[in-house]
Amino acid sequence: MPAETQPTKNRALLIALVAGVFALVAVGVAMLLVNISEKKSEARFSYVRVVEVGEDDTDPAKWGKNWPREFDDYKRTAERTSTKYGGAIGTAEGEMAPQKAERDPWLKRVFAGYLFAVDYRDRRGHAFMLKDQEITKRNVPGEGKQSGNCLHCHGSIMPLYRKLGKEAAPQGSPAEQLQAGLAKVAEMGYWDAHKALEDMGGGKAHPVSCVDCHDPASMEVRVSRPGFIAGIQKLAAGSAEVPHLPSIDRWRKGDRSKPYDPNLDSTRQERRAYVCGQCHVEYFCGKGMTLLFPWAEGLKVENAEHLYDNLQVKGQRFKDWVHAETGFEVLKAQHPEFEVWSQGIHARSGVTCADCHMPYKREGAQKYSDHWVRSPLLQPNRACATCHPLTDDELKARVLAIQDRHFALLTRAGNAAVAMIDAIVAVRKPYDERNLAAATAKAKETLAKQDAFQKLPKEDQDKKMGAEVKANLLASWREVIAKTPALQELENLQRAAQWRLDFVAAENSMGFHAPQELARILGESIDLSREAEVKATRLAVGTAASAAAVPATQRR
Amino acid sequence: MPSSRGVSVFPLSLVLAATAGLALGLGAFAFDYAKGSSYLGNDPRTCANCHVMEGHYAGWLAGTHHAVATCNDCHTPAAFVPKYWVKATNGYHHSMAFTMGGYPDAIKARPESAKVVEDNCRRCHAAVVEDIAHGGDVSCVRCHRNVGHIR
């Protein structure tokens, strides 16, 4: 009996084991089958439209229901990322980005008397673009110095442009209404425009959103911003060389009956740069001036400079501010990424912003653009290796070599600018000293007439008095400049040197977008700064000699 | 005893047969559904079955070798046994990567694969390259990168 049961039991066990193994195989095969099927359907359907989105839907969360992958990426722009030269290095969660002057102390001297000397921080991701503008000390609510123009790029503002445009130009075409809306918002202060935008968005204003770059009906990449549209139309209508934008060349050869339309005339690949160029550009937008992209003469640094130098505002040559130390009228560059990219080899090769900053990625069988817009150095395999088949380390090392050299040259240019400012200050000083007594007397006389001034605490009175004296000294100094060609020459040198330096420093790529072009510009800046320094030093010697003729008691 | 044997063993072998049949059937269907047989042939479209290679396939369509060489001419050895051995090992690596995920977007040839390509360059272009001694690790595609599919 036992001999009979044992083999039967063993055989039953073996059979059960084999059946179990086959069952596991069947499970594995079924899982693989489901996986293959999922990937096949992923490859067929890139998205499922579960809600309808329209032009006024500035809330990205709504779009996120249809395009969850892209929305997940977009949300991640709130994450801290950094590379050696950019991206709020070392900041903790919730902490502000560091001041740029911590790394580049020369910025404080170059921006003396301008709000950028007060607060100028490193960049953060797209998610912060509106918040960082709301809290910067450059934009104090009570002072209302910033214009509504700022929201052109910091907010998802199109509904407001359309609404105000319709009111301002009811008979106009949609394109005309858009430009009219831009002009209307330019007349508003920042916080009024901000409030109007919030009211349109159901109490909330959003930073850059899906609708700013995508047509809600077709999801096609498109340009929405009126500032860019006007700017690129002027560029097309001009004669500047744009080998990296072939559609402009094609339009120029056509009948030109309609202005260049960046949405109709361009290629899809060009639009992958245009959408970024809506904001990552140099522009001017003083309060009460309509936002303008200075591209009529071309995209190079001297094209914009020439345009500014010939631009008259209330009968005066355009300026961004008066430098507090030298008293000269100078220019401020913003962040000309689109312009600098235009001068680089990548642009010339047809590689656009999105190729590197929003490279294609895969999720299962789905291939789509990464919407976590960030430095390509954080994902060199996707961003660079599709064209440059090298290892991540080698790719990073190549970029870093460019950036290190660029940073060294940038620092030299910054130091040269400081030396120039020192030399010019030495020229101005004797004039200020001679005028100090008169300027103080005049300030006292002016302030004595103001009742409000008498009621101020002593500390504030001193502050106000100091500012008034400074203003008076500047006014007399400007009179001296007006009749002294040598000082006008110095003023032009500082303006040109700082414009070049700032154009490069404010550009976000630490030289990478167009290394040779930026090195050329920095070389010119250093040359101009040193030329100004030499001329100022000679002038200072001359002034000291003439001052020596004055009795010693009147000198310090 | 026979009755107890008949009762205990017969259903088990039936279960075994059914399970094995199910596994085989599922396997056969999965093989067909995943276009398994296509991998035995030479059609370049097969390589674009799994989406990862779509760019490479498009690149090959536009590339200079398009008229004279298919994927297999460069990426598998010419002899029958090595060819199917490479197909099998590559197939294993590719299906593991695609099913499990986690591979880089810009994929790179493993050293073994690069050697296969190099050997094929030299095989077809023997008349041209037999007198060339580059030495070291210099490979044909280091300079002639865009002949196949890389733009």
Side-chain angles (χ1 to χ4, degrees), chain A residues 1 3-5 7-40 42-44 349-351 359-368 370 379-392 395, chain B residues 1-2 4-36 48-56 59 95-109 114 139 141-142 145-146 148-151:
Chain A
M1 274 284 266
E4 187 83 29
T5 2
T8 317
K9 250 190 184 167
N10 280 348
R11 223 165 121 199
L13 260 173
L14 185 71
I15 287 172
L17 201 70
V18 171
V21 168
F22 270 107
L24 282 178
V25 169
V27 168
V29 171
M31 280 169 74
L32 184 65
L33 204 55
V34 171
N35 184 285
I36 294 169
S37 165
E38 270 174 4
K39 287 194 170 136
K40 278 194 178 191
E42 269 172 11
R44 238 186 329 254
S349 311
V351 179
Y360 287 113
K361 66 175 195 174
R362 290 176 197 283
E363 220 175 82
Q366 187 65 244
K367 179 186 166 208
Y368 68 106
D370 194 340
Q379 43 179 346
N381 178 271
R382 278 181 199 141
C384 320
T386 44
C387 298
H388 308 280
L390 299 161
T391 63
D392 285 11
L395 290 163
Chain B
M1 281 312 122
S4 81
R5 198 179 146 154
V7 167
S8 66
V9 171
F10 178 70
L12 266 175
S13 38
L14 199 67
V15 165
L16 170 62
T19 325
L22 197 67
L24 280 174
L26 260 177
F29 177 73
F31 186 76
D32 180 60
Y33 185 68
K35 300 179 189 161
N49 273 355
C50 81
H51 328 294
V52 175
M53 299 287 177
E54 272 166 1
H56 305 82
S95 49
M96 284 302 277
F98 193 48
T99 304
M100 302 301 182
Y103 58 93
D105 284 86
I107 53 177
K108 216 169 165 276
S139 72
V141 290
R142 174 167 164 186
R145 269 185 57 218
N146 53 354
H149 49 76
I150 297 172
R151 292 150 304 258

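Here is how names work: the chains are called A, B, and so on, in the same order as the sequence lines, proteins then strands, and each is numbered from 1.
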Hey, could you give me the OG1/NZ distance between T391(A) and K108(B), rounded to the nearest 0.5 Å?
7.0 Å
Would you tabulate the side-chain donor-acceptor contacts of residues 16-40 of chain A under 3.5 Å, counting partners in other chains and residues two or more places apart, or write 'none'?
{"unit_1": "N35(A)", "atom_1": "OD1", "unit_2": "K39(A)", "atom_2": "NZ", "d": "3.3"}
{"unit_1": "K39(A)", "atom_1": "NZ", "unit_2": "F98(B)", "atom_2": "O", "d": "2.4"}
{"unit_1": "K39(A)", "atom_1": "NZ", "unit_2": "T99(B)", "atom_2": "O", "d": "3.4"}
{"unit_1": "K40(A)", "atom_1": "NZ", "unit_2": "Y33(B)", "atom_2": "O", "d": "2.8"}

Closest approach of C387(A) and R145(B), non-hydrogen atoms and distance?
O-NH2, 3.2 Å
What residue in A385(A), C384(A), P389(A) has the most heavy-atom pairs under 4.5 Å with chain B?
P389(A)
Who among A30(B), A20(B), G27(B) has the most heavy-atom pairs with chain A under 4.5 Å?
A20(B)
Could you check whether D105(B) pairs with K361(A) (Lys NZ or Arg NE/NH1/NH2 to Asp/Glu carboxylate O, under 4.0 Å)?
no
So, do R382(A) and P104(B) sit near enough that their side-chain heavy atoms are less than 4.5 Å apart?
no
I'd like to check the salt bridge (charged side-chain N to carboxylate O under 4.0 Å, His left out) partners of K367(A); sequence neighbours left out, ordered by chain and number.
none
